[in-house]
Structure formats: structure tokens, C-alpha cells
Amino acid sequence: MPRKTMVEAIRDGMDVMMERDDNVVIFGEDVGYFGGVFRATQGLQAKYGKSRCFDTPISELGIVGAAIGMAAYGLRPCVEVQFADYMYPAYDQIVSEAARLRYRSNGDFTCPLVVRMPTGGGISGGQTHSQSPEALFTHVSGLKTVVPSNPKDAKGLLIASIEDPDPVIFLEPKRLYNGPFDGHHDRPITPWSKHELGEVPEGHYRVPLGQAVIRREGAALTVLAYGTMVYVAMAAAAETGVDAEIIDLRSLLPLDLEAIVASVRKTGRCVIVHEATLTSGFGAELSALVQENCFFELEAPVRRVTGWDTPYPHAQEWDYFPGPERVGRAFLEVVSGDQ
Amino acid sequence: MPRKTMVEAIRDGMDVMMERDDNVVIFGEDVGYFGGVFRATQGLQAKYGKSRCFDTPISELGIVGAAIGMAAYGLRPCVEVQFADYMYPAYDQIVSEAARLRYRSNGDFTCPLVVRMPTGGGISGGQTHSQSPEALFTHVSGLKTVVPSNPKDAKGLLIASIEDPDPVIFLEPKRLYNGPFDGHHDRPITPWSKHELGEVPEGHYRVPLGQAVIRREGAALTVLAYGTMVYVAMAAAAETGVDAEIIDLRSLLPLDLEAIVASVRKTGRCVIVHEATLTSGFGAELSALVQENCFFELEAPVRRVTGWDTPYPHAQEWDYFPGPERVGRAFLEVVSGDQ
Amino acid sequence: MNDQPPLSLHVPEPAVRPGGKPDFSSVKIPNAGSVPRPEIDVDPESIRDLAFSIIRVLNRDGEAVGPWAGLLSDEALLEGLRHMMTLRTFDARMLMAQRQGKTSFYMQHMGEEAVSCAFRKALEPGDMNFPTYRQAGLLIAAGYSLVDMMNEIFSNERDPLKGRQMPVLYSSKALGFFTISGNLATQFIQAVGWAMASAIKRDTRIAAGWIGDGATAESDFHAALVFASTYKAPVVLNIVNNQWAISTFQGIARGGSGTFAARGLGFGIPALRVDGNDYLAVYAVARWAIERARRNFGPTLVEYVTYRVGAHSTSDDPAAYRPKTESDAWPLGDPVIRLKNHLIRRGVWSEARHKQAEAEILDGVVTAQKEAEGHGTLHAGGKPSVRDMFEGVYAEMPPHLRRQRQQAGV
Amino acid sequence: MNDQPPLSLHVPEPAVRPGGKPDFSSVKIPNAGSVPRPEIDVDPESIRDLAFSIIRVLNRDGEAVGPWAGLLSDEALLEGLRHMMTLRTFDARMLMAQRQGKTSFYMQHMGEEAVSCAFRKALEPGDMNFPTYRQAGLLIAAGYSLVDMMNEIFSNERDPLKGRQMPVLYSSKALGFFTISGNLATQFIQAVGWAMASAIKRDTRIAAGWIGDGATAESDFHAALVFASTYKAPVVLNIVNNQWAISTFQGIARGGSGTFAARGLGFGIPALRVDGNDYLAVYAVARWAIERARRNFGPTLVEYVTYRVGAHSTSDDPAAYRPKTESDAWPLGDPVIRLKNHLIRRGVWSEARHKQAEAEILDGVVTAQKEAEGHGTLHAGGKPSVRDMFEGVYAEMPPHLRRQRQQAGV
Ligand SMILES: Cc1ncc(C[n+]2csc(CCOP(=O)(O)OP(=O)(O)O)c2C)c(N)n1
Ligand SMILES: Cc1ncc(C[n+]2csc(CCOP(=O)(O)OP(=O)(O)O)c2C)c(N)n1
Ligand SMILES: [Mg+2]
Ligand SMILES: [Mg+2]
């Protein structure tokens, strides 16, 4: 099977869908002729023409607002916001409009729309190229929120998202574009071409939204992770020797609560990791759900390891990032009961 | 002491501050000549002149963006967003700018700004006049988030917010404007003039941000509430006879974790109530914090009673609202251990 | 710099406030028939005057004059009159119903009936409006069921929107009426997107966006103009300038520009101003702009100059911020009376027939209301189910919502 | 409707793409000296032509001509030349430093030096700029320390921003330079707010907002124009049209309007276009607009017509989307060379002195760089502390952050 980077896999997912369904249209800042600052849409304009893949003015509001109108018309727009940090101008259209068209019109109008955006830090991007705003989407009824962690999933989840009848926020951990980054920023990165999950099936396939996957089985501890943090957790498990069961959530909403509960019931311990700031991050929801559903099985407090409650700094990036050392320490404390 | 409604108390708070500090300016949609759709700014333009209290174009982005510029200049703007549901167009300015000026400029520029907005349902306002978006603020480092539950606190918290050197989101539960609403929508409402907390001291005083208050002492259960839900919880305690300790958080960030932990350590049980939707609501953060800090004292799972994960409906408003019956049922279940 | 006189803040004020004498002398009203009618493929720059004038057809004597006249048959005009009268009667009944506690809220159109009623007649089936809450004439002129409108207003068991939306926030895809948002302005850029979609699909349908004078200050207005200008979207962008945005006079949103239509000039979008109380003028301008869009010449910005005679909504009392008699002083008159007079002058209508039509229309509206009330009102009778609250958030209910529905016991 | 030909989507394209021959024949360049200079209290409507022309002072022969000439002494111009040369040298060194891994990122000004350098000289102490990332000339012309700029770029132990911000996002309240945001356009409305504050306080200070051609499509641009127009804020609203927004040519943001300056016309804001590569013209227009603001006549919109010669940033390679030699074909020339030639023509400068100045400036920049590198670069030497990461989120650290700082062990 061909190996692809995550960017290539995402591009492939769009390509497959544009080929199959001429209602799929793609646009955003720099996505047309140039193919996007991360090159995710490279070649699509040449292949499908300017009216199916084009550059837009720099207005995230305009991109999403126009896409909602198109979705209401019957198209399936898949638009790019250049960095998740720049989605705020579009937030009203996402929250008040995309998420509620179906409900408020009782299905008269619907909004099959995908908003792709690169998230997460680790590229020296400072506070405006590093954010992970997933919790700002999971709080909004009517949205689905997806975070792939590898090329194979990314393509399958993106196809499922484009085919979904409702709006999907598709968060792409940009630090994973080229390889499975485990937080050891001082070591050379393994490229996807050397990684099993870089094997991306040809053509059309779906990874359904709402199904988590266990990346590592284990008995001592359940780790809930998504995106980049999956690899950080893997590294932490390897380095601490803690027999962690690592769940890659893949989709935060809908959430695979069953998989989570089954694992925590088995291990009795749970660590949640994400890159976003702690307070009111998605980890809070996960923590609440775990203790609501597994209270009597829990042997230690559910623990969150996350970015700190500060903007993402430029120079202190690796002090902010919840790397394998910090995650590993939490593993050890949770299994030892040493809180 | 004079009794005031919550609107009057809020107006009084602004009046006191405008009197004391001519850097305090007030503006927003309809707030000038007319005095605001809830009349919170009535009379202030007449008293302080058009350049300290004025109407704005309908642009929440413009209101907050201009206020940030003014705050950077050295004023202390206290602006109104007509309904919290309409804050989204200003969200980028709030999150990316107000919250980060101090940090990113290392204190070279600061943003002493208050953004007032009516929140919550119960006025047949449907999905665009009923929202409680507090969790969208508590996730943002650099913001403070305040929710008063009575006239006395409202004035003191508002004064503290205007005097605060950093941006404060001031959420006003509109259903409390006229009286302490307990969720029994079919019963006549007690006006503030009949309620002890309607007694509002004259002149300048502060209620410091970050201090919760116990509204009802109890031994069986800790209830974490804010805004309208304080009274719903009180009603539920009275009606179920559960000896609940009801904490009115008043400020969500900074949060009075000490008060929370002390109470839960004592009662061993905790119910969190809010009107916002469940998933990724502020209750998730509270639940996570309680179990992180009181794990070994907890005798039952921390329970959340909240609005459902749907937009706020018009006709089914009271089915959506977490009223005393639903809250009371949770009390009983949590104390009986019947989950 | 110390020799500089101090700066001061300019805050625009309306000419008069309560207690004062209404004064519209600053509103310049050109004679009916005096504004030329350009070709639809005109260079926008060459017609910039049209953004500062007012296109009018009906003169003081009730005659239709000038280059924008002559587009509608007497029959069509009689139908238009009936639409406006129906809307007015509907409003009156629903205002009363709200006062009687049958619903929570209502918004009327008094004085602005011509705008949406006439515009609708210039559209083709399949075209799509993206309205605000003050264009119910689009539905009435399209023949939408009054009973269904009332069902929505009463949030009753037959409410097409299942009680989820506030009163008057209708939706009808079938009749080209996009689901109304409570958030101002969001629909404006959506209209442009819909129109772009039609162009992408090489369809022939066009879109119409609607916005109030006050809401033009919102960001979505800018996004709409930017996208419409760049992609030459087949869309008509309508600004209903009814002089007020709740308590705020139009000068706050308009600022230093002469008119709202002028906003289009900075985008190379042709901008027309039209007498919004003149059914014939509205129709003529709508047809011009719609044809332009449909022939792929791109967007047009239209400002309808009108006046909000009633309160902003049932939650509002305009006596607090404007003279009570201001609406009487409004120089463009009443759209119903003006069309009525024109038709009488043309000999196809009479005071007597008008009275009779009023009675018939009232009858029809009352009958519809009885039927709707039979299905319930907000606090009495049939209502949407609690289950309906949980449905439709997504096409398929995800597990967490299923759990919540179970908890709710429904 | 079936007889209608289908619609189609219009997507603007630049005249040439890589491989093609650069072509700026569509950019109409008026002669230097040909655009009149109105009074500052002019009626905006009467000068709408200025939004479609280009104010120029330096002609092909290096002479300063016309009504906008004659405002600056030779000494001031020599200083201006030095500022632009310093900025260019600074850019070259920092680009190199970035390639050497001493920092993560850099953004240069090549070709646009005149805009910020000349504008700064027209301001008074106390005025406030709200810049984007491409106006470092405002700092250099104000005499800000090159070492501190570099400390920021290197995020080292002396970084005035404690390593919190990306390179080039400087802040200097003392020198009237607002903290730069990574989010485009947000500063534009803030500039208006700051200016309103100055008017509210009856101060005499004015503000200047800055934005790129691409970013004018953002919502904040609209909010700024609306608020500036309504409250007649004492602000100069600057659009730097350098023809490109990363890979996107200015036609995508500009759409059907002739120019970016034209956007102001819909707001009744006087709008001027100026040759951004002409130090004298930029200064003259800046002074006009600044005086207007300071004398309480309100806002001015200024479009600087220039060209981004370099890549968008160190993360960008323009060869992928525009002809490599496009910048050579740019008809407005190079700002440094044009001012140099003017000064030589005036007899106050020479090629030899220019060479010497280049060497001196390089020397100064290199010395500054050595000093800054002594305090560390991004991955080596002194750096801000981890504690600094936790400080300054709030004036006073709240308990939850104190706990987190403890957990981090700092
Ligand atoms: C985003 C947003 N902000 C504020 C409001 C509150 N609001 C409702 S209607 C209105 C006035 C609108 O005035 P205008 O656009 O002139 O329309 P009109 O009511 O006159 O038809 C306001 C401020 C809202 N609905 N949405
Ligand atoms: C809100 C937002 N959206 C997108 C970006 C990404 N971005 C950074 S610079 C840029 C292009 C800006 O072009 P222009 O405004 O013309 O300024 P120039 O770089 O040419 O000086 C883009 C799209 C951003 N920084 N902020
Ligand atoms: Mg209006
Ligand atoms: Mg540019």
C-alpha cells in the first residue's frame, strides 16, 4: 500500500470526494492556485477547475458564511481555515448558524459542511499558530468535532466528515503532518513513510465518526488522548514502563463513551492528555464523564495533563507543551497512588 | 437600606464608578439615549454626557474592538452586549485581543475592560436570547468571568470588575433582573424589594472576584451553583428536604476552589447545576476539579444537572431549563447513592 | 502640540427626540419619475448618483410616472394591494394575540409592507430569499399558509418548526424563504454563498439577501459585499432602511456617508435607492436587480427608504425615544394607501371595494387564526412534544443525546 | 426560466502566473505632481477622484514636483534615507539569522520601506500606531533600539516580551507602537477606539491604524470604518497595498472595486491613494491626514500603492505563485533608490556617500546583532525563564495559575 504523509492523505481524501461528488467544493485563503500554506489542496484547482477549488478573500467569516449558504443550496463545502487560531472571526457563523440550521428549521435547511483547520503547537508558532480550540466546539450542540492522529485515519475521517449530513469541525494536528511526533522535539522525527499508519488505502473508505481506537492495550491505566498526544502518551508509556492502555478518541463529538468506560472499568485509573489549556478544556468533560460512569471502579483520581492556562508562548514552547516527561510523571503518580 | 432590583443595582454600580473615575465610559447598542433594552444604563447619558455614555452601531466586534483600543489608551470601558447570544461576533476581539494584550506585550499595554451581557433563559427568548456561554470564556486564559446572583453582589462585583486591571466578562442572569427566580415559572415571582439581598448599600463597595459564598449551610451534599441556579437549588433543597450546602460561586474565574473543596470534604457529595448545555459546560471543569481535589472523600459520583445538549427551544423552555424538580431529583439520588 | 485645541467626540443625534416636533426636512425626496433607468449591464461607476437619489414611480397624485413605471398589470397591482393588506391585517391580529398571551413575542411590518410584498413578485420559483424578521411579505406574496405562519407564532402542535424557534422566525425552503436567524446579519453572507453555489452549479437561480439599516454595521454585511464583489455572485443585496434600529436612529449606523446604498460604491457594486413605500418602484428596482443577477452581471445593492411605523417589537415602546407623531410626518406616506389611490385613479378600485376587501381579508385572517388556535397557543392547547426538543440537533441522534432524552423520560 | 443561459462563477486571476511575463500595464500611474492637494477640511465627496488616482511627488528624473512637494528639508530626507537603509539592512541580517537557525521566523519589508519610515516622521510624540507585522519602519524611524528589536526576534533573555511573542511582533508604548497581533486586522478597530478615547478625554493625540490589502476583507476593517465614520474619530486608516497577500493577488480582496481606497467612499471618509515607494509622497499624504485628524475633521483612509518584493515570510516561496522577475517590472521602482537619486540630484548626496552610509549602517546593525546574540538566540544562550511563561496572564496571578506554576516546578 502506498505510504503518504498526513497532508497527502488529507489531500487524497478531498480528491476522492471531489471526484465522486461534484457538489464537493473547496476554498479558503491561499487554497486555490497555490494549494494552501500547508499544501493540503495542492493540485485540486488544476484538476477540478476554479469554480470547485478557489482562493478567497481573507475573511474567515466570509469563508464559513458563504459555505453555509452553499451547503443550504445543496453543495458539500469543505473549507480551510488557515490556522485554528484564526477561526474566531467565523465563530458566530459556526455556532449560531452552521450548528443550528437543521434544528431551527426542523430539517427544512441543513448544513453538510466541513471546516478544516490545523491545530496544536510545536512549530514555534507562538500564541497565534498553536492553539487547540476543540473545547470551544464540543460545547456547541449541533457540531461534530474530529481530530485524526495519522494519515490513514485522517483520510477516512475526512471522507466520513464530508459525507456527513451535519457540520463537522476537522482539526488537523499540524505537528503530525510529516510524522508521528512524540514530543521529543530534540530528536529526529520518524516520517510517515516509515510508519504503519502512513499506509493509506487508495480510493474511497470511511472511518466512522464516534469510534475510538485502542492504540496500545494495557492493564494499569487508561489514557484518553487524541491527535499529537497519542504519540506523546505512547512515548511516556514506553519510557516509564507503565502498562497503559492508550485510547485514541479520533472523534470528540460524537464520543465513543463505551470504549472509554470499558477501558477504565478494566484499569481503574485514567489519565487524560491534551495540548489545549487546562481550564474548561475537553479534558474536563472527559474527566467528568469518566467519574460519572466509572466512579465505583476508580482507584485513583482521574488526572489531566494539559497545556498550562497561559497563551502558547514562543520561546517556552516546550515548557508549555505537555511532553512525554510530564505525561510519564503523571502515569507513574496515578499508578502509584502518589497524588 | 434601599432595596433595588438587579438592574437598578447594576446601573448604580456604573453610576458610582462613572462619578468616581472619569475614565469610565459606557456604550453599546441602545445604551445611550434610551438606556438599554433592559434599561441598565438609563439616565447615565443625561447625567454624564454623550461622550461618556453613547449608542453604538450594531457591531459587537466594533463595540469590543473599540473598547480594547480605549482601554489601551487608559480608559476603563464598561460595554454592553445586548444579549450574551450576540457576543460571538466579538469573540475574536475578546479571546485573541482583550485576553492577551497584557501577556503578549509584557504589560506594555493592558486591557481594563468589562463586557456586560445578559445571559440565561426563562423569558421565552428561544435559542438566541437564552444562552449561557460562560464556558466559552473560562477556557480563555487572560479573562475573568463573573456571574452575580443578586442585586447586592451585582453592584459590588461590577464595581470590582470595573476596577480590575484585566478584562472581565460580566454575565447577568436576566431572569434575575426583577427577582430571585427559583424555576417555578408558574408561580408569582418574589420581587427584590421583598428579598434581603435586594438591599443594596449606597455608594462604593466591592465584592472581590474569586470569593464564593455559602447561601445555605448543609451537611448532606454540596451544591455548586451560580446565577439563577442558586435559587433553583435553594428551592430543590427546601422541597426535597435534602440538607444541601449551597455554594454561590459568583466568580467562575478566578474560582474559589478552597471553598468548594472545604465543603465537599465535609459533605462527601456534590451536585453541580447550570443552565448551559452539558457537554463541555463549566460543570465539567467543576466536576473534574472536585474529583481531583476530593477523590478520597467522595461518597458518590459528582453529578451535573444542566440544560440539555440542544439549542434552547422556545416552546419547550421549561423542559430544557433544569428546574427544581430535576435538580431535586438529583439531590435525592446523590444522597441515597441511587445513581 | 500644546497649541492644539482639544479633540472632541462626535456622537450623531436624530433631528428630534420625544417632545420635539418631527422633522424630516433633511430627507431629500426627488420627484417621482425623475431618476433614469439604466441598462442592466451598466458600469456601476456611471450610475453612482443612483445611490444618493430615490427612485420613485407613484407621484403625489397617485400616477405612475417615469422610466421605472409600466411594468405591472392592474391585476398584478390589485394582487399586490391584497398582499399588503393581508400582511397588515395579519400583523394587527398577531399583535393582539400576543397581548392576549397567546404567544411570547411579535414583530410587525407597519409601513414597510411594500418592500417584501413587491420584491417577491419579481422573483422566479427556485430563487431564495435570506430574510430578516421583517419580511413576512415574502411569504404572504408567495402564497404561504397563514395558518402555518400562526402555528409557528403560537409554537403549537402543528408548528412547522416544532416549537424550537421564537415567533416570526419562519422557514420555507419550498417558497424560497431561508430559515430566519435571531442573530442579525448572518444571513447576508449566506445569501452570497447560496448565489455562488448556483453559479458553481451553472444553475439559473438567484438569491436575495435582506438586512436592516442598523444591521449593516455588522461584520457579515462586509463579508457579503466582499464576496459578492469578488465572485460577481448572482445576488440582490437588500437594505431595508426603516430609519430606526430599536431605539437607535439610522445616523448611528450610517455615520458620515450620505446613504446606506453608498456602501456598495466602494465595492464596485451598483447601488440603487428606492422609495420603499411605493409598491411600483420597489417592484421595478427589484426586477432590474434580479435580472442583472440572473444574466450573470453580478450583485446589486438596493436601499429601500421606508419608515418603521410601529414599535420595534412587542418588547419595545418607541415613545421613549422618538416623537409619537413622527410616523405621520414621514414624507413617503403609507404604502397601502398610495397603491390604493393609484388603483382608484386608474379606475380599477374604489373606496367601497377597498372597505369590502378589508373585511374579506380580516375574515380570512380570523378564520386562519381560529384554525391555528385549534392546534394550540403558546400556553394552552396542543404543543410540540418534549421529544421534539431532542430531535433534529443532528440528522441522526448521537448516543449522548439519546441518553439525555432518556433521562428526560421522553 | 429554462430559456436562461446558465450562471457561472467569476474567480479573479492575476494577469500573470509563474512562467509568464510580468505585466503591470493595468496599473495606471499618473505623472508625479499631477494630483491636486485639497484643503484638509474638504468635503470628501468632492475629492473622490483621489481614491482612484495616485499621489506622487518624485518624478522619473528624481525631482520633487507638484502641490504635495516641498515639505521636508534635505536634512530630514537624508535622515529618512538612513531609516530606510537601516530597515533594509536589518531585514537582510535577520533573514540570514533565521536561516542560521537563530530564530524561528522572520518577515521583511523589501520594497515597502518608505511607507512606515515616512509616515512615522509625520506623527507627534504621544500619537499611537496600531501596526501590522510589516511596519517596523515605524520603530526604526522613531529611534527604537535595534538591539531590543533583535532581542525580541531571538526570544532571548533580554527580550522585552519575555519570549512570549513570535519574532517581529514588537510592542513599544513609549514610541507609539501598539503590540502587534498575529491575528490579522484586529488592530484596525482598536486604533479607532484609541482615537475615540483621545477625543473623549479632549486630548490632542491621534491614532493610526495599519492593514494589508488582503486583510481589508476581514470584519475588523468594516467595524473600523463604521465607527470612524460615525464618531469622526481622529485616526488615519492606512492600507498597505503591496499587491499580494501570501499567494493571493490583491484582486481577490479588492473584487470589483477599482481600488482599496474606494472602500472609504461608502463611508463618507476621504480616501487618498499614494505612491508607497515615494518617501516624499508618503510623508506629504501622511501629514495631510494626520493634520486632518488632529484638527478634529475626522478619519482619512490612505492606500499606499507598493509591492512586496520579498517572500511573504521565511515560511513562503513566492516562486510558486508569481513570476520571479515580477518585482523588477513593478512600475513604481524602489523607494531607497528613488530617494537616493533625488538627494543626489539635489546635490546633497552622492553614490560614494551612499556606499559609505551602507557600510556604516551595516556596521551598526552587525554591532547590534552581536550585542543581541550575546543575550541569546532562540535555541542557544540566554533565554526568558519558564516563570515568565506564567507571569503576566493577569496583573495578579490567580490561585489556579500559581498551582500550575508550582506543578511546573518553577
Ligand atoms: C448580532 C445581534 N446583535 C444584536 C441583536 C439585537 N437586535 C435585534 S433587532 C435589533 C435592531 C435591528 O435594527 P435594523 O437592522 O435596522 O432592523 P429593523 O429592526 O429596523 O428592521 C437589534 C440590535 C441581534 N438580534 N443580533
Ligand atoms: C485572522 C487571520 N487570518 C489569516 C491569517 C494568516 N495570514 C497571515 S498574513 C496573511 C496575508 C496578509 O496579507 P496582507 O493583508 O495583504 O498583508 P501583507 O502580508 O501583504 O503585508 C494571512 C492570510 C492571520 N494571520 N490572521
Ligand atoms: Mg431599521
Ligand atoms: Mg499585501
Side-chain angles (χ1 to χ4, degrees), chain A residues 60-61 85-96 99-100 103-104 126-128 131 133-142 252-253 255 272 276-296 298 300-304 307-311 313 339, chain B residues 60-61 85-96 99-100 103-104 126-128 131 133-142 252-253 255 272 276-296 298 300-304 307-311 313 339:
Chain A
E60 293 75 15
L61 186 167
D85 316 59
Y86 305 143
M87 69 84 184
Y88 301 104
Y91 196 58
D92 186 37
Q93 285 284 346
I94 293 172
V95 173
S96 308
R100 293 209 232 116
Y103 190 77
R104 77 179 197 223
Q127 51 191 278
T128 52
Q131 294 168 40
E134 61 273 11
L136 303 177
F137 299 117
T138 54
H139 190 42
V140 180
S141 309
L252 310 189
L253 200 145
L255 181 71
I272 297 158
T277 52
L278 176 75
T279 300
S280 283
F282 191 63
E285 179 62 32
L286 290 172
S287 174
L289 285 172
V290 166
Q291 78 89 36
E292 279 159 13
N293 288 279
C294 311
F295 184 79
F296 298 101
L298 275 176
V302 178
R303 178 73 170 267
R304 294 179 286 170
W308 306 113
D309 280 350
T310 75
Q339 297 296 322
Chain B
E60 293 75 15
L61 186 167
D85 316 60
Y86 305 143
M87 69 83 185
Y88 301 104
Y91 196 58
D92 187 36
Q93 285 284 349
I94 294 172
V95 173
S96 308
R100 294 210 231 113
Y103 191 77
R104 79 179 195 222
Q127 52 191 276
T128 53
Q131 294 169 39
E134 62 271 11
L136 303 177
F137 299 116
T138 54
H139 190 42
V140 180
S141 309
L252 310 189
L253 200 144
L255 180 71
I272 296 158
T277 51
L278 177 75
T279 300
S280 284
F282 190 64
E285 179 61 33
L286 290 172
S287 174
L289 285 172
V290 166
Q291 78 90 35
E292 279 159 14
N293 288 280
C294 312
F295 184 79
F296 298 101
L298 276 176
V302 179
R303 176 73 168 269
R304 294 179 285 170
W308 306 114
D309 280 350
T310 74
Q339 298 295 321

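Numbered from 1 within each chain, the chains take letters A, B, ... in sequence-line order. The basis for the numbers below is simple: all heavy atoms, side chains too, and nothing from hydrogens, waters or symmetry mates.
With a 4.5 angstrom heavy-atom cutoff, B/Val95 touches chain A only via side-chain atoms. Only the side chain of B/Gln131 comes within contact range of chain A, with heavy atoms under 4.5 Å apart. A/Leu289 touches chain B through backbone and side chain together, each having a heavy atom under 4.5 Å away. Only the side chain of A/Leu253 comes within less than 4.5 Å of a heavy atom in chain B; its backbone stays farther off. The part of A/Ser96 that comes within reach of chain B is its side chain, from C-beta onward, which places non-hydrogen atoms under 4.5 angstrom from that chain. With a 4.5 Å cut-off on non-hydrogen atoms, B/Leu298 touches chain A through its backbone and its side chain both.
By the 4.5 Å heavy-atom criterion applied to side chains, A/Val290 and B/Gln291 are not counted as neighbours. Between A/His139 and A/Glu285, the closest side-chain pair of non-hydrogen atoms is not below 4.5 Å. Contact annotation: the side chain of B/Leu136 approaches that of A/Leu136 to within less than 4.5 Å [non-hydrogen atoms, C-beta and beyond].
For A/Tyr88 against A/Pro133, the heavy-atom pair with the smallest separation is OH-CB, 4.2 Å. Looking at every heavy atom in both residues, A/Tyr86 comes nearest to A/Thr128 through OH-O, 3.1 Å.
Among the candidates B/Ala276, B/Gly142, B/Ser141, B/Ser280, the residue making the largest number of heavy-atom pairs closer than 4.5 Å to chain A is B/Ser280. Taking chain B as the reference chain and counting heavy-atom pairs below 4.5 Å, the highest number among A/Leu278, A/Asp309, A/Leu286 is found for A/Asp309. For the options B/Phe282, B/Tyr103, B/Trp308, heavy-atom pairs under 4.5 Å to chain A are most numerous at B/Tyr103. Heavy-atom pairs under 4.5 Å with chain A peak, among B/Ser287, B/Pro311, B/Pro313, at B/Pro311. Note: B/Asp92 leads B/Leu61, B/Asp92, B/Leu252 in heavy-atom pairs under 4.5 Å with chain A.
Annotation: the span from B/Gln127 atom CD to A/Arg100 atom CZ amounts to 5.0 Å, rounded to 0.5 Å.
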Item to check | A/Ile94 and A/Phe137: CA distance, side-chain angles, deciding distance, side-chain contact (heavy atoms from CB on, under 4.5 Å) verdict | outcome: CA-CA 9 Å; A/Ile94 293 172; A/Phe137 299 117; 4.1 Å; yes
